[in-house]
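Below is one structure; the comments refer to it alone.
Both counts, for ligands and for their atoms, begin at 1 and track the order of listing. None of the values given here were measured: they were computed from a predicted structure. We number each residue from 1, following the sequence as shown.
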Amino acid sequence: MYGNDFEQPGAATLLDEVEAAEQALRAAAERRVAAARAGGTGDTGGAEAELQEYFDAVVAADQKIEPRDWMPEAYRKTLVRQIAQHAHSEIIGMQPEGNWISRAPSLKRKAILLAKVQDEAGHGLYLYAAAETLGIDREELVGLLLTGRQKYSSIFNYPTLTWADVGAIGWLVDGAAIVNQVPLCRCSYGPYARAMIRICKEESFHQRQGYEILYTLAHGTPEQKAMAQDAVDRWWYPSLAMFGPPDTASTHSEQSMAWKIKRFSNDDLRQRFVDMCVPQAEVLGLSIPDPDLRWNDERGAYDYTQPDYDELFRVIRGDGPCNRQRMAHRRRADADGAWVREAAAAYAAKRSARPAEAAARPAEAAA
Ligand code: FAQ
């Protein structure tokens with residue numbers, strides 16, 4: 001349980017789930033199910049059918065697949081696609097809020113926002129590191145992003161027009177991100193699951209800081225409240241779209257769920273997000289811009305209007321309000337940072353050459 005300066009219904013439950021997932025991860029590390037049959041290491045040393053059988057048994061038993069384990073090539077590719085897309089999202093996702101660092105309304109708000117944006121860079125690093133365990137390196141992944149062959153989340157192609165947008169991103173975008181990511185803490189691939197535990201703990205603070213910004217604005221002057229409402233009106237449907245296409249149009253869900261990479265479908269998570277946001281909006285005193293939003297007793301959930309999926313696909317294809325700007329900025333940042341990477345690589349090479357130089361010296365002296 002964390003923070004109690006104001007009520008935020010549903011927020012603590014998500015962190016409890018992260019806690020439970022972390023304990024499950026520890027327990028999984030202590031046992032190796034199917035190990036008895038496979039000789040304890042997952043190394044059957046045998047035919048593909050036997051390896052597949054071991055992989056299936058580990059997944060079925062809710063154990064973790066680790067980098068040393070055999071895995072089907074399609075499983076590896078799916079993970080690289082999802083983890084890389086996720087990492088790119090964290091890095092591109094620094095831009096919309098970064099836009100407000102120099103214009104935050106107070107020193108305290110500026111320091112908090114700066115720390116938050118830095119956290120996103122950290123999340124990108126954890127995720128690139130998790131992807132690298134699958135045999136692909138970060139430079140290659142970044143290259144795939146910069147040449148448009150890998151994606152990043154649609155949500156970061158929308159502009160941040162006012163300070164209240166920073167609040168709406170925290171509440172809704174980080175809120176949607178953690179609803180989507182808490183189940184990933186139980187993903188079958190160990191390095192991704194472990195990265196997600198750390199990310200979700202930080203992300204829950206991000207959501208809280210956005211919620212607190214909106215709470216302050218919503219309880220301020222009428223102009224501030226109107227600014228907060230306008231931001232929520234603009235970010236609501238793009239946040240719903242973050243969960244991806246509806247289940248009927250989701251190409252990867254079925255297989256990813258069978259492999260226990262994804263634990264819930266896009267629509268199930270979207271519903272969970274809506275059900276969490278409604279009571280939180282009531283506490284904020286802001287309304288959700290959906291005239292058809294109402295409780296459905298039979299389903300035990302809110303009925304709501306779906307986002308415009310044609311718009312989602314347009315944004316994914318590169319035709320959103322800020323796609324070009326986001327990619328141009330990232331390409332520029334990559335080019336500007338090239339000398340730092342080169343200097344770091346030269347320094348590392350020099351350091352690793354040093355012991356050899358030292359070892360060579362006495363021999364040289366003797367000669
Ligand atoms: N945007 O078959 P599905 C954050 C693509 S992090 C762009 O349903 P899947 C933190 C999808 O890739 C936000 N593309 O796919 C933060 C696929 O295309 P492909 C990122 C999308 O993978 C906060 C096609 O549509 N989070 O916000 C989107 O089973 C504030 C078919 O879709 C993650 O990446 C979309 N919204 O499910 C940072 C979480 N939706 O590759 C800074 C991990 C779908 O076949 C500031 N990822 N597509 O060409 C996931 O959970 C999944 O990958 C989904 C999509 C749920 C996003």
Criterion salt bridge (charged side-chain N to carboxylate O under 4.0 Å, His left out) on E140 and R149, from CA distance to verdict: CA-CA 11 Å; E140 192 176 344; R149 282 173 292 159; over 6 Å; no
State plainly whether the residues R317 and D310 are in salt-bridge range, i.e. N to O under 4.0 Å. no
Of all the atoms in ligand 1, which lie at a distance below 4.0 Å from a heavy atom belonging to E90? 6 (S), 10 (C), 16 (C), 38 (C)
Polar contacts were defined as any N/O atom of the residue lying under 3.5 Å from an N/O atom of the ligand; does this apply to T251 and ligand 1? yes
Show me which atoms of ligand 1 lie under 4.0 Å from any heavy atom of Y152. 1 (N), 7 (C)
Of the protein's non-hydrogen atoms, which lies at the shortest distance from atom 6 (S) of ligand 1, and what is that distance? Q181 NE2, 3.6 Å
Measure the distance from atom 50 (C) of ligand 1 to every protein heavy atom, then report the residue, atom name and distance (to 0.1 Å) of the closest one. Q82 NE2, 3.6 Å
With a 4.0 Å cut-off on heavy atoms, does A241 reach ligand 1? yes
Between E90 and K116, is there a side-chain N and carboxylate O pair less than 4.0 Å apart? no
May I ask you to decide if the ring planes of F55 and W70 are parallel, tilted or perpendicular, using 30° and 60° as cut-offs? perpendicular
Check the surroundings of atom CD in E139: do more than 12 heavy atoms from other residues, nucleotides or ligands lie under 6.0 Å from it? no
For K151, the ligand 1 atoms whose distance to one of its heavy atoms is below 4.0 Å: 14 (N), 18 (O), 19 (P), 41 (O), 49 (O)
Exercise check, heavy-atom protein proximity under 4.0 Å to atom 35 (C) of ligand 1: yes
What pairs with D297 under side-chain contact (heavy atoms from CB on, under 4.5 Å), at least two apart in sequence or on another chain? W295
Check this for me - ligand 1, F313, N or O atoms closer than 3.5 angstrom, yes or no? no
So that I can tick it off, tell me whether D319 and R324 are bridged by a salt bridge, with the cut-off set at under 4.0 angstrom between side-chain N and carboxylate O. yes
Below 4.0 angstrom from a heavy atom of E203, which ligand 1 atoms are there? Numbered from 1 as shown, please. 10 (C)
Is E97 near ligand 1, meaning one of its heavy atoms is under 4.0 Å from it? yes
Report yes if some N/O of R81 lies less than 3.5 Å from some N/O of ligand 1; otherwise report no. yes
Polar atom proximity, S250 to ligand 1 (N or O, under 3.5 Å): yes
Any atoms of ligand 1 less than 4.0 Å from a non-hydrogen atom of Y192? List them with their elements. 43 (C)
Please report whether ligand 1 has a polar contact with K262, defined as an N or O pair separated by less than 3.5 Å (distance criterion only). yes
Does D230 have any side-chain contact (heavy atoms from CB on, under 4.5 Å) partners at least two apart in sequence or in another chain, and if so, which? R234
Atom 42 (C) of ligand 1 sits nearest the protein heavy atom E120 CD, 3.3 Å
Under 3.5 Å, is there a donor-acceptor pair linking the side chains of Q271 and R299? yes
Counting heavy atoms under 4.0 Å, the part of A176 that contacts ligand 1 is neither
Taking every heavy atom of V315 against every heavy atom of N157, the minimum-distance pair comes out as CG1-ND2, 3.5 Å
Using distance alone, determine whether Q85 and ligand 1 share an N or O pair under 3.5 Å. yes
Does F156 form a ring-ring contact (aromatic ring centres under 6.0 Å, His included) with H88? I'd like the steps, not just the answer. CA-CA 11 Å; F156 302 116; H88 302 327; over 10 Å; no
Can you list the ligand 1 atoms lying under 4.0 Å from a non-hydrogen atom of F243? 56 (C)
Are a donor atom and an acceptor atom from the side chains of W235 and D165 found within less than 3.5 Å of each other? yes
Side chain or backbone of L269 under 4.0 Å from ligand 1, or both, or neither, by non-hydrogen atoms? neither
Considering heavy atoms of the protein only, find what lies nearest to atom 40 (N) of ligand 1 and give residue, atom and distance to 0.1 Å. G244 CA, 3.2 Å
Test: R272 and D275 ion pair at under 4.0 Å: no
Between S154 and ligand 1, does any nitrogen or oxygen pair lie at a separation below 3.5 Å? yes
Is R138 salt-bridged to E132, cutoff N-O under 4.0 Å? no
Starting from atom 28 (C) of ligand 1, locate the nearest protein heavy atom and write down its residue, its atom name and how far away it is, to 0.1 Å. I316 CD1, 3.8 Å
Charged N to carboxylate O below 4.0 Å: is that the case for E22 and R198? no
Can you report which non-hydrogen protein atom sits closest to atom 57 (C) of ligand 1, along with the distance? M242 O, 4.1 Å
So, is D174 polar-close to ligand 1, with some N/O to N/O distance under 3.5 Å? no
Out of all atoms in ligand 1, which are within 4.0 Å of some heavy atom of S89? Include the element for each. 13 (C), 20 (C)
List the closest protein heavy-atom neighbour of atom 44 (C) of ligand 1: residue, atom name, distance to the nearest 0.1 Å. P245 CD, 3.6 Å
Only heavy atoms of H252, strictly under 4.0 Å: list the atoms of ligand 1 that pass. 2 (O), 15 (O), 17 (C), 19 (P), 29 (O), 41 (O), 45 (O)
Please report which non-hydrogen protein atom sits nearest to atom 39 (C) of ligand 1, along with the residue it belongs to and the distance in Å to one decimal place. N180 OD1, 3.1 Å
How about Y192 and T133: does a side-chain donor come under 3.5 Å of a side-chain acceptor? no
May I ask you to say whether D334 pairs ionically with R341, meaning some side-chain N is under 4.0 Å from a carboxylate O? yes
